[in-house]
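Atoms within each ligand, like the ligands themselves, are counted from 1 in listed order. Side chains are part of it too, since the values below use all heavy atoms of this structure and drop only hydrogens, waters and symmetry mates.
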Amino acid sequence: MALQAASLVPASFSIPKEGKGSVSLRDSTLFGLSLSDSFKADFSSSALRCKREFQQSIGVVRAETAATATPAVSKSAPEGKKTLRKGNVVVTGASSGLGLATAKALAETGKWHVIMACRDFLKAARAAKSAGMSKENYSIMHLDLASLDSVRQFVDNLRRSEMPLDVLVCNAAVYLPTAKEPRFTAEGFELSVGTNHLGHFLLARLLMDDLTKSDYPSKRLIIVGSITGNTNTLAGNVPPKANLGDLRGLAGGLNGLNSSAMIDGGDFDGAKAYKDSKVCNMLTMQEFHRRYHEETGITFASLYPGCIATTGLFREHIPLFRTLFPPFQKYITKGYVSEDEAGKRLAQVVSDPSLTKSGVYWSWNKASASFENQLSQEASDVEKARKVWEISEKLVGLA
Ligand code: NDP
Ligand code: PMR
């Protein structure tokens with residue numbers, strides 16, 4: 001079915017760009033790429049905004065800490081029955097899409113305090129409000145994964161809040177399919193791998209101590225993966241395919257100067273960089289499992305939540321793609337899932353007592369039942385996982 005759909009779409013075609021002649025669309029994706037300039041972010045203004053919001057976010061955290069730092073099991077008077085305290089879960093990128101829907105689903109249970117770790121404080125505050133989340137169920141803390149200083153600052157702030165950390169969800173991501181030139185993080189790593197993988201790698205490594213210390217009965221570290229990084233699927237075979245190669249670009253620092261901006265050392269391709277970053281996410285989860293599961297009891301997991309075709313992830317794609325992608329996924333591939341449903345899925349991985357197995361990549365079938373899915377050869381390559389881990393340690397200053 002999906003392949004038939006692919007054949008309906010011309011491999012290469014042109015559409016008129018508003019007032020600027022025509023724009024050629026590449027044959028490497030379904031709806032094409034290559035419109036970029038009008039979508040480029042204004043980094044200077046967002047840097048100022050982040051700084052301002054950072055100050056505000058600290059205020060919110062401080063205001064809410066005292067009430068949540070309680071032991072995992074507390075006595076509830078008067079019967080003396082033992083009840084589980086609220087779990088504290090950090091969700092990165094909780095200001096939209098999957099992260100917001102997950103935060104909402106967890107907050108609604110009344111059993112979780114969600115720490116929304118976001119780069120845009122006001123956006124997160126508005127999002128939480130419009131999702132109807134009650135104030136006692138969440139805090140917002142500033143985190144910009146495209147800056148390792150910000151990651152370290154976030155960890156310090158979280159510790160200062162004295163909230164125990166029970167679950168960490170590495171969810172935030174950027175996808176830059178129309179970028180012609182690479183963009184870079186504060187430390188000069190290509191932006192998609194720098195944000196989606198390296199920022200989360202440092203965050204998760206630093207927070208391992210905190211997770212280990214938590215007295216919560218089921219501690220978990222979840223890194224969101226995707227089908228598009230798995231070349232054992234139809235979706236993962238849509239060009240450009242994920243491929244980390246021999247990791248020469250990653251080892252060179254992904255800076256686009258004395259090394260390639262791409263992990264495999266090739267020419268820059270934003271869509272491939274995203275898919276490569278998802279392979280790193282899935283490899284990292286497994287490497288965490290091998291190194292720490294037995295010793296700490298922490299459950300490490302990854303997942304493909306379904307194709308949430310309406311999220312902000314596609315904000316930099318061309319308008320035609322954003323119009324056609326949701327119906328394509330709904331009616332042709334049938335891989336579509338709503339933000340609410342995807343949020344419930346990730347919330348299950350956070351809290352469902354039946355999903356405690358570690359080292360698993362979860363997916364859901366058509367009846368929305370979870371199952372352990374198979375990763376592609378590359379995304380389950382033990383040696384590659386070890387190398388990605390070791391190189392990443394050096395890049396983020398841990399080794
Ligand atoms: P969204 O764009 O809606 O959400 C991404 C979130 O990441 C936003 O909150 C965004 O913040 C945040 N973010 C981006 N850059 C940074 C940064 N530098 N620091 C902190 N936060 C940042 O996309 P989705 O909800 O779709 O994506 C969520 C996850 O789901 C990703 O890991 C993605 O790979 C995965 N996924 C998505 C699928 C889909 O079909 N949509 C399918 C499979 C996996 P802001 O709001 O400020 O932009
Ligand atoms: Mg894909 C069962 C088929 C299936 C599924 C589940 C997805 C999910 N996609 C499928 C098939 C196809 N897609 C086919 C046959 C085509 C070519 C016609 C196709 C194309 C396509 C494009 C151009 N698909 C895309 C793009 C994107 O830009 C998205 C992407 O790769 O983002 C990285 C995307 C996606 N398809 C998916 C999912 C889940 C995505 C996006 C999100 C992600 O992986 O994070």
S.K.: Of the choices Ser95, Pro305, Ala94, which has the non-hydrogen atom that lies closest to atom 46 (O) of ligand 1?
M.R.: Ser95
S.K.: Short list, please: which atoms of ligand 1 are under 4.0 Å from a heavy atom of Gly97?
M.R.: 3 (O), 25 (O)
S.K.: Among Tyr304, Phe325, Tyr274, whose heavy atom sits nearest atom 25 (C) of ligand 2?
M.R.: Phe325
S.K.: Could an N or O of ligand 2 be found under 3.5 Å from any N or O of Tyr175, whether backbone or side chain?
M.R.: yes
S.K.: Between Arg85 and Asp215, is there a salt bridge with N-O shorter than 4.0 Å?
M.R.: yes
S.K.: When you measure from the heavy atoms of Arg315 to every atom of ligand 1, does any distance fall below 4.0 Å?
M.R.: yes
S.K.: Has Cys307 got any heavy atom lying under 4.0 angstrom from an atom of ligand 1?
M.R.: yes
S.K.: Given that the side chain starts at C-beta and the backbone is N, CA, C, O, which of these parts of Tyr175 lies under 4.0 Å from ligand 1, counting heavy atoms, or is it both or neither?
M.R.: neither
S.K.: Please could you name the atoms of ligand 1 that Leu313 approaches to less than 4.0 Å, counting only its heavy atoms?
M.R.: 1 (P), 2 (O), 3 (O), 23 (O), 26 (O), 37 (C), 41 (N)
S.K.: If we set the cut-off at 4.0 Å for heavy atoms, which region of Lys123 has an atom near ligand 1: side chain, backbone, both, or neither?
M.R.: side chain
S.K.: Please report the closest heavy-atom contact between Tyr216 and Asp166, naming both atoms and the distance.
M.R.: CB-OD1, 3.3 Å
S.K.: Around atom CZ of Arg248, are there more than 12 heavy atoms of other residues, nucleotides or ligands at under 6.0 Å?
M.R.: no
S.K.: Nearest to atom 18 (N) of ligand 1 by heavy atom, Asp144, Leu98, Thr311: which?
M.R.: Asp144
S.K.: Under 3.5 Å between some N or O of ligand 1 and some N or O of Ser96?
M.R.: yes
S.K.: Does Glu393 CD have over 12 foreign heavy atoms under 6.0 Å away?
M.R.: yes
S.K.: Using heavy atoms and a threshold below 4.0 Å, how should the contact between Val174 and ligand 1 be classified: side chain, backbone, both, or neither?
M.R.: side chain
S.K.: Answer yes or no for Ala127: is there a heavy-atom contact with ligand 1 below 4.0 Å?
M.R.: no
S.K.: Is Glu390 atom CD crowded by more than 12 heavy atoms from other residues, nucleotides or ligands, each under 6.0 Å away?
M.R.: yes
S.K.: Is it the case that more than 12 heavy atoms not belonging to Glu383 sit under 6.0 Å from its CD atom?
M.R.: yes
S.K.: For Asp120, take its heavy atoms, then give the atoms of ligand 1 lying under 4.0 Å from any of them.
M.R.: 47 (O)
S.K.: Taking only heavy atoms of Val224, which atoms of ligand 1 are found under 4.0 Å from at least one of them?
M.R.: 30 (O), 32 (O), 35 (C)
S.K.: I need the minimum non-hydrogen distance between Leu303 and Ile222, along with the two atoms involved.
M.R.: CD2-CG2, 3.6 Å
S.K.: Are Val337 and Val349 linked, directly or through intermediate hydrophobic residues, by side-chain heavy-atom contacts shorter than 4.5 Å (ILVMFWY only)?
M.R.: yes
S.K.: Does Thr92 reach ligand 1, in the sense of a heavy atom lying below 4.0 Å from it?
M.R.: no
S.K.: I'd like to check whether Cys118 has a polar contact with ligand 1, where a contact means an N/O of the residue lying under 3.5 Å from an N/O of the ligand.
M.R.: no
S.K.: With heavy atoms only and a cut-off of under 4.0 Å, state how Thr195 meets ligand 1: side chain, backbone, both or neither.
M.R.: side chain
S.K.: In terms of relative ring orientation, are Tyr292 and Phe288 parallel, tilted or perpendicular, with 30° and 60° separating the classes?
M.R.: tilted
S.K.: Would you say Ala117 has any N or O atom under 3.5 Å from an N or O of ligand 1, going by distance alone?
M.R.: no
S.K.: Test Arg291 against every option in Glu287, His293, Glu295 by the side-chain hydrogen bond (donor to acceptor under 3.5 Å, both in side chains) rule and name the one that passes.
M.R.: Glu287
S.K.: Given Tyr336, Phe314, Tyr274, which has its nearest heavy atom closest to atom 34 (O) of ligand 1?
M.R.: Tyr274
S.K.: Need the ligand 2 atom indices (1-based, order shown) with element for anything under 4.0 Å from a heavy-atom of Leu313.
M.R.: 45 (O)
S.K.: Mind checking whether Leu145 has an N or O less than 3.5 Å away from an N or O of ligand 1?
M.R.: yes
S.K.: Does atom CG (Asp267) have a neighbourhood of more than 12 heavy atoms from anything else shown, all under 6.0 Å?
M.R.: no
S.K.: May I ask you to list the atoms of ligand 2 that are less than 4.0 angstrom from any heavy atom of Phe321?
M.R.: 22 (C), 23 (C), 26 (C), 27 (C), 28 (O)
S.K.: Using a 4.0 Å heavy-atom cut-off, say whether Leu143 meets ligand 1 through its side chain, its backbone, both or neither.
M.R.: backbone
S.K.: Is the shortest distance from a heavy atom of Ser277 to ligand 1 less than 4.0 Å?
M.R.: no
S.K.: Counting heavy atoms only, which of Gln329, Arg322, Lys334 comes nearest to atom 8 (C) of ligand 2?
M.R.: Gln329
S.K.: For Ala146, counting its heavy atoms only, list the atoms of ligand 1 lying under 4.0 Å from any of them.
M.R.: 18 (N)
S.K.: For a quick test of reading the model, state the closest non-hydrogen atom pair linking Glu190 to Ala261 and the distance between them.
M.R.: CB-O, 3.2 Å
S.K.: Is there a side chain to side chain donor-acceptor pair (under 3.5 Å) between Ser147 and Asp149? Walk through the geometry before answering.
M.R.: CA-CA 5 Å; Ser147 155; Asp149 281 348; 5.1 Å; no
S.K.: With atoms numbered from 1 as shown, which atoms in ligand 2 lie under 4.0 angstrom from a non-hydrogen atom of Cys307?
M.R.: 37 (C), 38 (C), 39 (C)
S.K.: Please find the pair of heavy atoms, one from Ala347 and one from Leu106, that lie closest to each other, and give the distance.
M.R.: CB-CD2, 3.8 Å
S.K.: Kindly assign one of parallel, tilted or perpendicular to the pair Phe321 and Phe314, based on the angle between their ring planes and the thresholds 30° and 60°.
M.R.: tilted
S.K.: Using a 4.0 Å cutoff against the non-hydrogen atoms of His317, which atoms of ligand 2 qualify?
M.R.: 28 (O)
S.K.: Nearest non-hydrogen atom to atom 2 (C) of ligand 2 belongs to which of Thr333, Thr228, Ile318, Ile308?
M.R.: Thr333
S.K.: Give a yes or no on whether a salt bridge exists between Glu341 and Arg345, defined as a side-chain N under 4.0 angstrom from a carboxylate O.
M.R.: yes
S.K.: With a 4.0 Å heavy-atom cut-off (strictly under), which part of Lys275 contacts ligand 2: side chain, backbone, both or neither?
M.R.: side chain
S.K.: Counting heavy atoms only, name the option from Phe328, Tyr336, Phe314 that's nearest to atom 42 (C) of ligand 2.
M.R.: Phe314
S.K.: Look at Lys104 together with Glu339 and state whether they make a salt bridge at an N to O cut-off of under 4.0 Å.
M.R.: no
S.K.: Looking at Ser392, Ser192, Ser277, which one forms a side-chain hydrogen bond (donor to acceptor under 3.5 Å, both in side chains) with His197?
M.R.: Ser392
